[in-house]
Amino acid sequence: DFFLRENLWSVAKRGGYKTVYLSAQEKANKYQYLQKPYELMKIDEKYFFGNIDNVNRDKEILKKLLTLIKEDSSQFIVVIKNGSHYPYKSKFEYKKYNLAQDDENELFYLYSIKENSVNFLKKLFLNANPTDRFFYISDHGQNLVKDEITHCNSSNPRVKEWEIPILLHNIHNDIANS
């Protein structure tokens, strides 16, 4: 069976929320997530960080997000971080961890997660309002097998590409369990 459901933006608008879209992966109005025009029309504010260098995209998106959550508590905000995509060493200042250019990809990936997920979330949660709720979901996992595609391998995907983290912050158990 095939079911068409109302998009998230429409649901948020009907709930009385201001809708905001922040993307560190896209340049202004160059959407890569197959959103339809009628969905995009439901977004009140859009911010794009795709023109900023990889190391600073998530830092800048976090600054904007912290400003937004301080302004208004009735917002539905979707953030598409730059995150930890390959090549991982271009996503953070790896020299601050004494990493060398030729270190293993897995090491760069782990430090990239620390910088772009753990530190990002730590700063977000420390600066959030007590009533702010967050769903943090990755869009894909990573394949760290040497000499293979790191992700988005649609012809023969590895399990690691399908394992994605999800973190719920300040979500009541009845919502989290449904």
Side-chain angles (χ1 to χ4, degrees), residues 8-9 19-35 43 45-69 75-128 132-171 176:
L8 286 175
W9 302 112
T19 54
V20 183
Y21 182 81
L22 301 160
S23 177
Q25 293 186 20
E26 301 162 314
K27 295 179 177 154
N29 297 312
K30 301 283 185 191
Y31 302 97
Q32 65 186 33
Y33 290 101
L34 305 176
Q35 299 175 88
I43 304 172
E45 295 179 17
K46 302 169 191 159
Y47 301 94
F48 299 92
F49 299 83
N51 288 328
I52 298 172
D53 65 280
N54 278 324
V55 172
N56 291 309
R57 287 181 189 184
D58 286 346
K59 291 175 188 172
E60 292 302 314
I61 216 167
L62 179 60
K63 284 183 201 173
K64 184 63 179 175
L65 180 57
L66 292 174
T67 301
L68 288 166
I69 64 176
Q75 298 178 92
F76 176 81
I77 304 172
V78 170
V79 177
I80 300 172
K81 292 172 59 247
N82 198 33
S84 296
H85 290 97
Y86 184 84
Y88 316 114
K89 66 181 96 177
S90 72
K91 304 300 185 273
F92 68 104
E93 296 168 21
Y94 64 87
K95 290 181 182 174
K96 86 178 195 182
Y97 295 105
N98 296 318
L99 296 174
Q101 187 81 323
D102 59 349
D103 281 336
E104 290 293 317
N105 262 339
E106 190 167 356
L107 195 56
F108 281 108
Y109 178 64
L110 292 174
Y111 277 102
S112 180
I113 294 291
K114 179 187 182 328
E115 283 283 309
N116 296 311
S117 293
V118 175
N119 291 352
F120 183 97
L121 290 168
K122 189 184 299 183
K123 288 176 186 166
L124 177 61
F125 295 160
L126 286 172
N127 290 286
D132 288 344
R133 290 176 270 172
F134 299 96
F135 291 86
Y136 187 84
I137 305 168
S138 179
D139 57 346
H140 58 78
Q142 294 291 294
N143 176 19
L144 295 171
V145 176
K146 204 172 195 148
D147 299 325
E148 288 191 19
I149 296 173
T150 59
H151 77 283
C152 302
N153 179 0
S154 58
S155 62
N156 189 20
R158 295 204 176 249
V159 171
K160 290 290 183 193
E161 296 171 65
W162 295 93
E163 292 176 347
I164 60 169
I166 180 170
L167 181 131
L168 306 176
H169 174 75
N170 209 17
I171 307 297

- prompt: Between K59 and E93, does at least one N-O distance fall below 4.0 Å, as a salt bridge requires?
  reply: yes
field: salt_bridge(E115, K96) N-O dist < 4.0 Å
entry: yes
- request: Assess whether side chain to side chain contact (heavy atoms under 4.5 Å, CB included) is satisfied between I61 and Y47, documenting all intermediate values.
  value: CA-CA 9 Å; I61 216 167; Y47 301 94; over 6 Å; no
message: One pair to check against side chain to side chain contact (heavy atoms under 4.5 Å, CB included): F92 and L99. What are the steps and the verdict?
response: CA-CA 11 Å; F92 68 104; L99 296 174; 4.0 Å; yes
Mind listing the closest non-hydrogen atom pair of [X] and [Y] along with its distance?
| X | Y | result |
| --- | --- | --- |
| F49 | K64 | CZ-CB, 3.8 Å |
| V20 | Q75 | CG2-OE1, 3.6 Å |
| K91 | S112 | CB-OG, 3.8 Å |
| F48 | K27 | CD2-O, 3.5 Å |

message: Tell me if the aromatic rings of Y111 and Y94 count as close, with their centers under 6.0 Å from one another.
response: no
message: Around atom CD of E106, are there more than 12 heavy atoms from other residues, nucleotides or ligands closer than 6.0 Å?
response: no
Compare all side-chain heavy atoms of [X] with those of [Y] and state whether any distance is below 4.5 angstrom.
| X | Y | value |
| --- | --- | --- |
| L124 | L65 | yes |
| N116 | N82 | no |
| L22 | L68 | yes |

Measure from the side-chain N and O atoms of [X] to the backbone N and O of [Y], and report whether any donor-acceptor pair falls under 3.5 Å.
| X | Y | value |
| --- | --- | --- |
| D58 | G83 | yes |
| K89 | Q101 | yes |
| Q25 | K81 | yes |

[atom1] of [X] to [atom2] of [Y]: how many Å apart, nearest 0.5 Å?
| X | Y | atom1 | atom2 | value |
| --- | --- | --- | --- | --- |
| T67 | L62 | OG1 | CG | 9.0 Å |
| L126 | L121 | CG | CG | 10.5 Å |
| E104 | L110 | CD | CG | 11.5 Å |

- prompt: What's the verdict on side chain to side chain contact (heavy atoms under 4.5 Å, CB included) for I69 and L66, showing C-alpha distance, side-chain angles and the deciding distance?
  reply: CA-CA 5 Å; I69 64 176; L66 292 174; 4.0 Å; yes
query: When the ring planes of Y136 and F120 are compared, do they come out parallel, tilted or perpendicular, using 30° and 60° as the limits?
result: tilted
